[in-house]
Amino acid sequence: MICPDKEFTLRLRNLRNTYRDGLLNDTLPFWLPRSIDREFGGYLTALDRDGAVLQTDKSVWFQGRFAWLLATLYDTVDKRPEWLEYAKHGIDFINARCFDTDGRMFFLVTREGKPLRKRRYLFSECFATIALAAYGRAAKDEKAVRQALDLLRLVLRYHQTPGLYEPKVNPEVRPMKGLSMPMILIVTAQELRKAIADPLCTEVIDRGIEEIERDFLKPEFKAVLETVGPNGEFIDTFDGRLINPGHAIEVSWFILEEARQRGNDERLIKLGTRILDWMLEWAWDREYGGVYYFRDVKGLPCAEYWHDMKFWWPHNETIIATLLAYGMTGDTNYAEWHGKVHDWAYRHFPDPFWGEWFGYLHRDGTISTTLKGNLWKGPFHLPRMQWYCWQLIDRMIGRL
């Protein structure tokens with residue numbers, strides 16, 4: 001971790017306060033205690049701008065995501081009893097209502113926990129894994145940690161066994177794979193490793209990084225693709241040409257964080273910054289500012305109508321990635337990028353009246369919808385960014 005110069009140290013001190021105070025005095029108070037379902041358990045996260053409940057169906061993703069956040073804050077920030085209690089509230093609901101009989105998890109349940117939808121993807125299981133790991137670490141609950149490890153093994157079995165669950169596209173006609181699984185497996189194993197020193201975690205991380213570098217990085221485009229053939233083949237379709245800058249930038253900081261965990265591993269730093277350098281060029285809207293949602297690697301029209309909208313989470317991930325890259329390399333280009341993305345995001349996303357952030361903006365930064373939570377947005381990307389950047393700045397300039 002580099003020692004920043006005096007000018008940037010002053011900015012870092014201000015940023016540290018922005019992230020810390022935003023987390024503790026704005027983001028968390030928006031969600032707590034209003035999202036805690038005292039009647040049926042778990043969390044209600046489909047909230048309007050003012051916190052009014054828009055629907056009571058529960059995203060299983062957010063049962064895991066929010067429980068992870070609360071347990072992590074208890075473990076790393078302040079041992080507030082209510083944070084651990086609220087984390088257990090989510091863990092209990094996950095175990096009581098969110099698992100199917102085959103050991104896999106649902107995607108959406110009713111307020112009472114009756115299953116509404118189960119997807120082919122393994123993200124509910126990954127978020128439950130990190131929740132169980134974080135809670136087990138915070139509460140010193142070895143049973144929860146063991147459950148997290150068993151759940152990761154289940155995820156790997158489904159992911160690595162052909163035909164065990166229905167593919168998205170007929171593999172006999174067009175075999176392909178997505179960036180999302182190696183990406184999420186990296187961070188899932190990183191979080192589990194904090195709770196248990198099982199060699200499987202590092203094995204999963206190594207395999208994920210290797211697969212991404214080998215198959216998804218395309219030097220000919222200077223881009224990271226979302227979908228490729230089974231051996232990294234380029235597929236010249238809408239899906240195959242798609243770039244999701246937020247996802248790829250998220251990958252970059254997962255790799256940089258792994259480099260940090262391994263004593264500033266130079267190879268991983270070069271890989272993480274290479275991805276970040278490429279994707280910043282693809283991501284940034286030079287006319288209106290902000291991070292695009294989708295791009296086509298050949299510069300052709302994107303199929304999705306929201307391709308040029310500005311979503312909250314790619315900005316959160318880019319703020320983390322650029323700050324971490326600066327902290328690990330000392331390259332002032334990353335400090336400049338961080339300032340550019342941070343300043344644009346903080347001008348457009350925060351709600352000055354009700355708190356928290358709007359999630360969905362038009363290309364020019366105007367508000368598309370006022371909701372604060374749905375199946376995809378809730379207490380995760382924003383508070384994770386605020387927590388991580390606060391902790392990162394503390395490491396960069398010492399405890400303030």
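Residues: numbered from 1 along the sequence shown. Quick caveat: nothing in here was measured; it's all calculated off a predicted structure.
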Backbone N or O of [Y] within a donor-acceptor pair of the [X] side chain at under 3.5 Å?
X      : Y      : result
Asp48  : Asp50  : no
Asp296 : Gly299 : yes
Arg120 : Glu166 : yes
Thr366 : His362 : no
His342 : His338 : no
Arg104 : Arg119 : yes
Tyr43  : Gly90  : yes
Asp285 : Gly290 : no
His315 : Phe311 : yes
Trp278 : Phe221 : no

Over 12 non-hydrogen atoms of neighbours within 6.0 angstrom of [atom1] in [X]:
X      : atom1 : value
Arg174 : CZ    : no
Lys222 : NZ    : no
Lys194 : NZ    : yes
Glu220 : CD    : yes
Arg193 : CZ    : yes
Lys79  : NZ    : yes
Phe238 : CZ    : no
Glu142 : CD    : no

Run the numbers on Val291 and Trp344 for side-chain contact (heavy atoms from CB on, under 4.5 Å), then give the verdict.
-> CA-CA 9 Å; Val291 174; Trp344 194 93; over 6 Å; no
Would you kindly say whether Arg11 and Asn14 are connected by a side-chain donor-acceptor distance under 3.5 Å?
-> no
Looking just at side-chain N and O atoms, do Glu125 and Tyr158 make a donor-acceptor pair shorter than 3.5 Å?
-> no
At their closest point, which heavy atom of [X] faces which heavy atom of [Y], and how far apart are they?
X      : Y      : result
Tyr135 : Lys88  : OH-CD, 3.4 Å
Leu225 : Phe234 : CD1-CD1, 3.8 Å
Gly136 : Ala144 : CA-CB, 3.9 Å
Met396 : Gly327 : CE-CA, 3.7 Å
Leu324 : Trp253 : CD2-O, 3.7 Å
Thr227 : Asp239 : CB-O, 3.7 Å

So do Pro182 and Phe216 actually touch side chain to side chain, heavy atoms under 4.5 Å?
-> yes
Verify salt bridge (charged side-chain N to carboxylate O under 4.0 Å, His left out) between Glu257 and Arg260, making sure each step is shown before the conclusion.
-> CA-CA 5 Å; Glu257 173 61 22; Arg260 188 185 74 82; 2.9 Å; yes
[X] side, atom [atom1]; [Y] side, atom [atom2] - distance, nearest 0.5 Å:
X      : Y      : atom1 : atom2 : value
Leu73  : Asp78  : CG    : CG    : 9.5 Å
Leu371 : Thr45  : CG    : OG1   : 10.5 Å
Asp215 : Glu213 : CG    : CD    : 10.5 Å
Asp100 : Asp102 : CG    : CG    : 4.5 Å
Leu70  : Glu85  : CG    : CD    : 10.5 Å
Thr322 : Ile249 : OG1   : CD1   : 8.5 Å

Is Glu226 salt-bridged to Arg295, going by a charged N under 4.0 Å from an acidic O?
-> no
For residues [X] and [Y]: do they belong to one hydrophobic cluster (side chain heavy atoms under 4.5 Å, members Ile, Leu, Val, Met, Phe, Trp, Tyr)?
X      : Y      : value
Leu392 : Leu69  : yes
Ile91  : Leu154 : yes
Tyr388 : Leu323 : yes
Leu28  : Trp354 : no
Met181 : Leu151 : yes

With under 30° as parallel and over 60° as perpendicular, where do the rings of Trp61 and Phe123 fit, or are they tilted in between?
-> perpendicular
Has Lys58 got its NZ or CZ under 6.0 Å from the middle of the six-membered ring of Phe93, at an angle within 45 degrees of the ring axis?
-> yes
Does NZ or CZ of Lys310 fall inside the cone over Tyr293's six-membered ring, less than 6.0 Å from its centre and within 45° of the axis?
-> no
Let me see the working for Arg153 and Asp150 under salt bridge (charged side-chain N to carboxylate O under 4.0 Å, His left out), right down to the final yes or no.
-> CA-CA 5 Å; Arg153 289 184 176 128; Asp150 289 343; 3.4 Å; yes
What about Trp376 and Phe107, are their ring centers closer than 6.0 Å?
-> yes
Sole residue of Trp312, Phe380, Trp313, Tyr346 in ring-ring contact (aromatic ring centres under 6.0 Å, His included) with Trp357 = Tyr346
Take Asp26 and Gln386 through the side-chain hydrogen bond (donor to acceptor under 3.5 Å, both in side chains) test and state the conclusion after the steps.
-> CA-CA 11 Å; Asp26 182 76; Gln386 293 167 321; 5.4 Å; no
Go through the steps for Arg286 and Glu281 under the test salt bridge (charged side-chain N to carboxylate O under 4.0 Å, His left out), then give the verdict.
-> CA-CA 10 Å; Arg286 288 177 171 77; Glu281 293 301 319; 2.6 Å; yes
Show your working on side-chain contact (heavy atoms from CB on, under 4.5 Å) between Glu356 and Leu382 and close with a plain yes or no.
-> CA-CA 9 Å; Glu356 236 270 3; Leu382 172 60; 3.8 Å; yes
Which is it for His348 and Leu361 under the side-chain contact (heavy atoms from CB on, under 4.5 Å) test, yes or no, and what are the steps along the way?
-> CA-CA 8 Å; His348 293 90; Leu361 309 180; 3.6 Å; yes
Please walk me through it: do Thr76 and Trp387 pass side-chain hydrogen bond (donor to acceptor under 3.5 Å, both in side chains)?
-> CA-CA 9 Å; Thr76 64; Trp387 164 76; 2.9 Å; yes
When you look at Asn374 and Tyr360, which way does the side-chain hydrogen bond (donor to acceptor under 3.5 Å, both in side chains) test go after all the steps?
-> CA-CA 11 Å; Asn374 54 19; Tyr360 304 92; 3.1 Å; yes
